[in-house]
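The chains referred to below are lettered A, B, ... by the order of the sequence lines, with proteins before strands, and numbering in each begins at 1.
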Protein chains: 2
Amino acid sequence: MKPSHITIKDIARILGVSPSTVSRALKDHPDISEETRNLVKTFAEKVKYRPNALALSLRKQKTNTLGLIIPEIVHHFFSSVISGMEDLAYGEGYHMMICQSNENYYREVINTQALLDHRVDGLLVSISKTTKEFNHLQTAIDNGTPVVFFDRICDEIETDRVITDDFEGARVATEHLIECGCKKILHLAAPKHLLIGKKRYEGYCHALKSHNIEIKEEFTLKCDTREEVLTMRQHLLDIAPEIDGVFAVNDSTAIAIMQVLQQNGYKIPDQIKVIGFGDGPNATIASPPLSTVEQKGYEMGREAVRMLIQRLENPTAPINYQTKIITPTLKKRSST
Amino acid sequence: MKPSHITIKDIARILGVSPSTVSRALKDHPDISEETRNLVKTFAEKVKYRPNALALSLRKQKTNTLGLIIPEIVHHFFSSVISGMEDLAYGEGYHMMICQSNENYYREVINTQALLDHRVDGLLVSISKTTKEFNHLQTAIDNGTPVVFFDRICDEIETDRVITDDFEGARVATEHLIECGCKKILHLAAPKHLLIGKKRYEGYCHALKSHNIEIKEEFTLKCDTREEVLTMRQHLLDIAPEIDGVFAVNDSTAIAIMQVLQQNGYKIPDQIKVIGFGDGPNATIASPPLSTVEQKGYEMGREAVRMLIQRLENPTAPINYQTKIITPTLKKRSST
DNA sequence: TTGAAAGCGCTAACAG
DNA sequence: CTGTTAGCGCTTTCAA
């Protein structure tokens, strides 16, 4: 940043008025003669004067900047979230300072600190997988910087949150299979100790129960990556003759099992129907295009920013924290 | 940002010394007694003092912030770029302010302005598709804010750039098909007026020529999206019997044609080999996994930041702008 | 209607 | 070794 930026002082000096006059003229302060105002405004325009946001922030004690801490940028869901955040923030006159924790607790702490050092007005955070301690965030809140959690929330801290309704998404997906005529549905699940694993499993069970379908233990397999599908290939093929539907905890797992089944002569969706969860870009590329449950990252991002700005602009409002639940919607394609 | 942040002045008052003493003690200035230094440092630590980055920036005329303008965050390539940028910037003590132009010229201009208002030390930009005018960026450079272009560069502005070697990538891909025994290679191309379309076409031709394979005009088809493949389905199937290889300008097109061919009984790679360009996450999910040319977004991001910081930290160095060309590498999988 | 002065938080030149 | 002062760019009393 070269000193070549023109300042209010420069304008004042050149025009032979005081800096305060310039400042007032520029922002249409009432106590200013129209003459001076025009003079100043015209000149400012001519020399392309732009206020220094740093100085403004320092003075106003408000940066109009939102800090974001995200586990991984390269991930369709998270990048959609960022996109939604950026779009809304931009529209509301805020900017985003973005840090990625790379799923590393230590880095998450440093990032938080750095964002606070920059005096961001608020924080948007999705906690990293390795984070077990939340002092860094609690402290931020205690010191007056509001935090909104999204997706990977932290139960121990009371604040605003936006999450996906995993239970409901899974329920809808399973229900859809049932409506398509499936009675023997395999669930490829994430580990139960992960919240999403647990919730999606529960949604699956709920749907079965409400249709009086027996929940067989052997029909839920811990298998949540493409690689795992390939490793378990034989076991999956052994089960295949006994099933007519698969609900996989994510799209890549769903696609992988579709492929394994197809390679072994199963017709999809005729013999076995498959549904995933997440609706990343792969779902449409799969063959047949994969039915799935859309996770709405963009909307989640917007919502988180909306809640944060809401808090920022009503600092005196009574603090009653909200948890906004985003219900994923069924995307019916050709695999079911 | 509540005023509850402790400042140097607060510490000075409490400890009964002057602010400058505190400032000096904190940064291990030589002219300070060990006693005072320890006193100050211990106290600062106790009250968790953190310097205000805004004040620092204003004072030092340096923000340690890099501005990024990117067409779309939700895009595997671009999000990889951001990730690479963020990682390196973070390591070098810089932060990133990110704006997306959404392929909109007007918004790109506003974003540039906003970042300059925030006095970012430098700009990283990939221009939007609708940008035909570059004054906003030229002005930035003229006023002393260095700019590094990446991926979507602008020829009219002289500055540092990082680009992918599209010609070479296409050449290597085509060459690979030839080495696998293909002699009749179809090229699904992007429009010639796009730089990547042109360069990749040229690379394809070059490979053919150097192996004395005739370049048939009817073997290059403008077709660069999945949808287009489906639209041209019949035409592609008409040509299919005459070809033994396909080089598609991007992965999704490659995957789409693989699927069309497979649905019509062609065995891949036995009868027809297919290679793509880009190596997004789809490539591995395709069946068979798609051979492709890896575009290295992460590396491109790092490189762009490296060049920018280099410039920032050697302001007096002679300005000789560099163009760094990143050569994509062949990812051989099972479709060839 | 305008200007002078103080201050946001920090540093650095200059005194002492 | 430490304090005083001025100033980064801006706004906002307070006085005139």
**Student:** Sequence neighbours excluded, which residues qualify as salt bridge (Lys or Arg N to Asp or Glu O under 4.0 Å) partners of B:Glu108?
**Tutor:**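 Once residues adjacent in sequence are excluded, B:Glu108 has no partner under the salt bridge (Lys or Arg N to Asp or Glu O under 4.0 Å) criterion.
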**Student:** When the side chains of residues 67-77 of chain A are checked against the rest of the protein, which donor-acceptor pairs come out under 3.5 Å, sequence neighbours left out?
**Tutor:**
residue : atom : partner : partner atom : Å
A:His75 : ND1  : A:Phe77 : N            : 3.4

**Student:** Holding to side chain to side chain donor-acceptor pair (under 3.5 Å), I want the full list of residues that pass it with B:Ser23, two or more places apart in sequence or in another chain.
**Tutor:**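 Partners of B:Ser23 by the side chain to side chain donor-acceptor pair (under 3.5 Å) criterion come out as none, since no residue qualifies.
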**Student:** Just to verify, what does B:Asp165 make a salt bridge (Lys or Arg N to Asp or Glu O under 4.0 Å) with, not counting sequence neighbours?
**Tutor:**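 So B:Asp165 forms no salt bridge (Lys or Arg N to Asp or Glu O under 4.0 Å) with any residue.
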**Student:** Quick check on contacts: within residues 25-41 of chain B, what sits under 4.0 Å from DNA chain C by heavy-atom distance?
**Tutor:**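 Of all residues in residues 25-41 of chain B, the ones placing a heavy atom under 4.0 Å from DNA chain C are B:Lys27.
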**Student:** B:Asp10 has an atom CG; how far is it from atom P of C:dG7, in whole Å?
**Tutor:**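 Taking CG of B:Asp10 and P of C:dG7, I get 14 Å after rounding.
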**Student:** Quick one: which of C:dC10, C:dT11, D:dG9 gets closest to the side chain of B:Asn52?
**Tutor:**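 It is C:dC10.
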**Student:** Do the side chains of B:Arg302 and B:Asp87 get close enough for a salt bridge, i.e. N-O under 4.0 angstrom?
**Tutor:**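 No, B:Arg302 and B:Asp87 are not salt-bridged.
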**Student:** Can you check whether A:Gln61 has a side-chain N or O nearer than 4.0 Å to OP1 or OP2 of C:dG7?
**Tutor:**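 For C:dG7, OP1/OP2 do not have a side-chain N/O of A:Gln61 under 4.0 Å.
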**Student:** Go through the structure and list residues passing ring pair (Phe, Tyr, Trp, His ring centres under 6.0 Å) with B:Tyr105, not counting sequence neighbours.
**Tutor:**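 Ring pair (Phe, Tyr, Trp, His ring centres under 6.0 Å) check on B:Tyr105 returns B:His136.
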**Student:** So what is the end-to-end bend of the helix from C:dT1-D:dA16 to C:dG16-D:dC1, with 5 pairs used at each end and the value given to 10 degrees?
**Tutor:**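 It comes to 60° between the two terminal axes.
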**Student:** According to the ring pair (Phe, Tyr, Trp, His ring centres under 6.0 Å) rule, which pairs have a member within residues 24-72 of chain A, sequence neighbours left out?
**Tutor:**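 Pairs touching residues 24-72 of chain A that pass the test: none.
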**Student:** Side chain to side chain donor-acceptor pair (under 3.5 Å) with A:Ser18: which residues, sequence neighbours excluded?
**Tutor:**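 So A:Ser18 forms a side chain to side chain donor-acceptor pair (under 3.5 Å) with A:Ser20, A:Thr21.
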**Student:** Please list, in numerical order, the residues of residues 15-24 of chain A that have a heavy atom closer than 4.0 Å to any atom of DNA chain D.
**Tutor:**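 Residues of residues 15-24 of chain A under 4.0 Å from DNA chain D: A:Ser20, A:Ser23, A:Arg24.
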**Student:** Under the rule for side-chain contact (heavy atoms from CB on, under 4.5 Å), what residues qualify as partners of B:Lys9, not counting sequence neighbours?
**Tutor:**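 Residues passing side-chain contact (heavy atoms from CB on, under 4.5 Å) with B:Lys9: B:Thr7, B:Pro19.
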**Student:** Mind checking side chain to side chain donor-acceptor pair (under 3.5 Å) for A:Glu103 and listing every partner two or more places apart, or none if nothing turns up?
**Tutor:**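 By the side chain to side chain donor-acceptor pair (under 3.5 Å) rule, A:Glu103 matches A:Arg152.
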